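Working notes, beginning with the structure itself.
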There are 2 protein chains.
Amino acid sequence: MPDAPVRVLVADDEPLVRSGLRLILDAEPDLEVVGEAGDGARAVELTRALRPDVVCMDVRMPGVDGLRATELVLRLPDPPRVLVVTTFEHDGYVLDALTAGASGFLLKRAGADEMVQAVRTVAVGQSLLYPQALRELVRTRPRAAAGAPALTPREREVLGLVAEGMTNAEIAAELVVGVETVRTHVASVLAKLGARDRTQAVVLGYRAGLVEL
Amino acid sequence: MPDAPVRVLVADDEPLVRSGLRLILDAEPDLEVVGEAGDGARAVELTRALRPDVVCMDVRMPGVDGLRATELVLRLPDPPRVLVVTTFEHDGYVLDALTAGASGFLLKRAGADEMVQAVRTVAVGQSLLYPQALRELVRTRPRAAAGAPALTPREREVLGLVAEGMTNAEIAAELVVGVETVRTHVASVLAKLGARDRTQAVVLGYRAGLVEL
DNA sequence: GCCGATATCCCCCGGCCGGGGGAGGGGCGC
DNA sequence: GCGCCCCTCCCCCGGCCGGGGGATATCGGC
């Protein structure tokens with residue numbers, strides 16, 4: 001499909017990286033690097049002027065960094081998609097970048113074809129991550145209740161209020177029952193979860209997917 | 001790059017959907033649909049026999065569903081990447097699918113080019129989601145500490161152990177300090193977080209992005 | 001040199017919590 | 001009808017917790 005090529009802006013403080021990316025992307029007939037920026041401020045400026053479809057954004061840049069630049073770029077009218085590219089995978093940038101609104105997160109160590117695919121992917125509107133980042137994102141989510149203890153509805157309800165930081169008395173008032181009743185429910189929850197106190201109950205309950213925080 | 005084409009297996013209980021996908025994917029010179037399966041069991045069987053690079057997997061299928069099939073397929077030696085495709089976006093399948101090990105999650109309402117890009121993306125090893133799914137995944141993550149109280153390193157450490165469900169005495173043993181010291185730190189944490197007790201501290205600390213659960 | 005922040009330890013005390021019992025009523029399935 | 005589970009309430013008691021004080025030592029910066 002000879003559509004109009006995807007217009008790409010490359011933002012990285014290393015001229016070498018910019019050249020490399022340009023080489024890789026311009027080699028594809030459907031991709032076109034329309035500009036390069038050496039810092040975040042310039043990236044925003046050029047985005048406004050050149051209106052690219054995709055911005056390849058480095059995280060670490062002097063002055064305005066890639067995360068801030070991502071926010072700014074996405075606030076422009078008819079914003080481009082932002083593909084954040086970084087060197088190290090174990091900085092916590094992934095979450096920050098995605099929160100800032102980035103459509104994708106890629107490691108620089110990715111091969112040329114991965115880079116090319118990534119640009120095309122975000123260009124059509126999908127989101128993309130390197131697999132470890134996605135797994136990390138999923139891993140730290142509450143488990144889908146596999147082998148979770150079977151709490152009664154009332155017990156789940158009480159656990160939920162415990163997780164809100166309420167005392168037994170407050171929970172009793174909330175549920176319009178006696179404090180003794182709440183104490184019984186809490187005791188059941190503790191026993192079923194194998195928790196020693198309400199704090200452990202909250203953590204275990206959260207990990208078992210029984211409560212939302 | 002005329003590499004060997006990406007070999008794709010299509011698994012969906014609707015013959016019409018299978019035909020549609022085949023049409024879309026086979027139109028690309030670098031993609032090749034090597035087989036179709038009408039249910040999860042058949043998908044596993046064909047994966048073992050045909051050894052595709054990518055499996056496009058529907059979630060809802062009779063018998064073995066797409067999620068279970070994904071798990072099984074990924075347990076095969078030298079497994080393919082699995083791209084899960086579904087109709088509705090508000091079922092909680094995304095998390096289940098990714099937990100099962102899927103490399104991507106796409107909506108059927110995606111256009112042909114999105115579908116093609118998605119297959120190519122997972123083929124090169126990246127992970128992919130439709131944007132709303134990613135935003136949902138990020139949304140429910142702990143906030144990146146915007147306006148979070150400034151805890152001292154020691155206080156953060158103590159809070160982390162509190163969040164593990166430890167008593168002050170256990171924390172003291174863990175940190176090799178007196179119980180009194182721990183009590184002081186906990187008191188500071190409670191004050192800074194505005195929590196009444198350790199349970200609230202854990203919840204507030206979690207929401208402030210100060211502790212991982 | 002002084003001050004602030006941090007980390008460490010100490011005492012008293014009131015309170016909520018959690019463990020161990022027991023007990024009654026209502027709904028559901030066999 | 002009988003048993004079982006769930007929800008409800010009750011008593012006693014030991015313990016950890018959290019609030020209120022105060023004290024000492026180290027480090028770093030102005």
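In what follows, chains carry the letters A, B, and so on, assigned in the order in which the sequence lines appear, proteins first and then strands, with residues in each chain numbered from 1. These values consider heavy atoms only, across backbone and side chains, with no hydrogens, waters or symmetry-generated copies. Treat the numbers as computed from the prediction; the structure is a model and nothing was measured.
No donor-acceptor pair under 3.5 Å is formed between the side chain of Q200(A) and the backbone N or O of A195(A). Without hydrogens or angle criteria, R7(A) side chain to L50(A) main chain gives a donor-acceptor distance under 3.5 Å.
Overall, the helix from dG1(C)-dC30(D) to dC30(C)-dG1(D) carries an axis bend of 50° between its ends, with five pairs at each end and the value rounded to 10°.
Residues S127(A) and Y130(B) come closest through the heavy atom pair OG-C, 4.5 Å.
Rounding to the nearest 0.5 angstrom, the gap separating the CD atom in E155(B) from the CG atom in L190(B) is 10.5 Å. Taken to the nearest 0.5 Å, the OG atom of S188(A) stands 11.5 Å off from the CG atom of L159(A). Atom CZ of R51(A) is separated from atom CG of L46(A) by 13.0 Å, given to the nearest 0.5 angstrom. Atom OG1 of residue T47(B) and atom CG of residue L72(B) lie 10.0 Å apart, to the nearest 0.5 angstrom.
Residue contacts for T167(A): at a heavy-atom cut-off of 4.0 Å it reaches the sugar-phosphate backbone alone, with no base atom in range. In this structure, V179(B) reaches neither bases nor backbone, as no heavy-atom distance under 4.0 Å exists between it and the strands shown. Using a 4.0 Å heavy-atom criterion, one finds that R198(B) contacts the sugar-phosphate atoms exclusively. Nucleic acid contact for T181(B): base, since at least one base atom lies under 4.0 Å from a heavy atom of the residue. Residue R196(A) is classed as a sugar-phosphate contact, given heavy-atom separations below 4.0 Å to backbone atoms only.
When each of T184(A) and N168(A) is assigned the nucleotide of DNA chain C with its nearest heavy atom, N168(A) is the one assigned upstream, toward the 5' end. Of the residues near DNA chain C, E180(B) and L190(A), the one whose nearest nucleotide (by heavy atom distance) lies more toward the 5' end is E180(B).
Put simply, chain A comes within 4.0 Å of DNA chain C, heavy atom to any atom, from dC17(C) to dG19(C), going 5' to 3'.
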Could you walk me through whether R42(A) and E45(A) pass the salt bridge (charged side-chain N to carboxylate O under 4.0 Å, His left out) check?
CA-CA 5 Å; R42(A) 184 93 179 116; E45(A) 201 178 303; 2.7 Å; yes
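L175(A) places its CG atom 10 Å from the P atom of dC9(D), with the value rounded to the nearest Å.
Shown here is R196(A), whose CZ atom has more than 12 heavy atoms of other residues, nucleotides or ligands within 6.0 Å.
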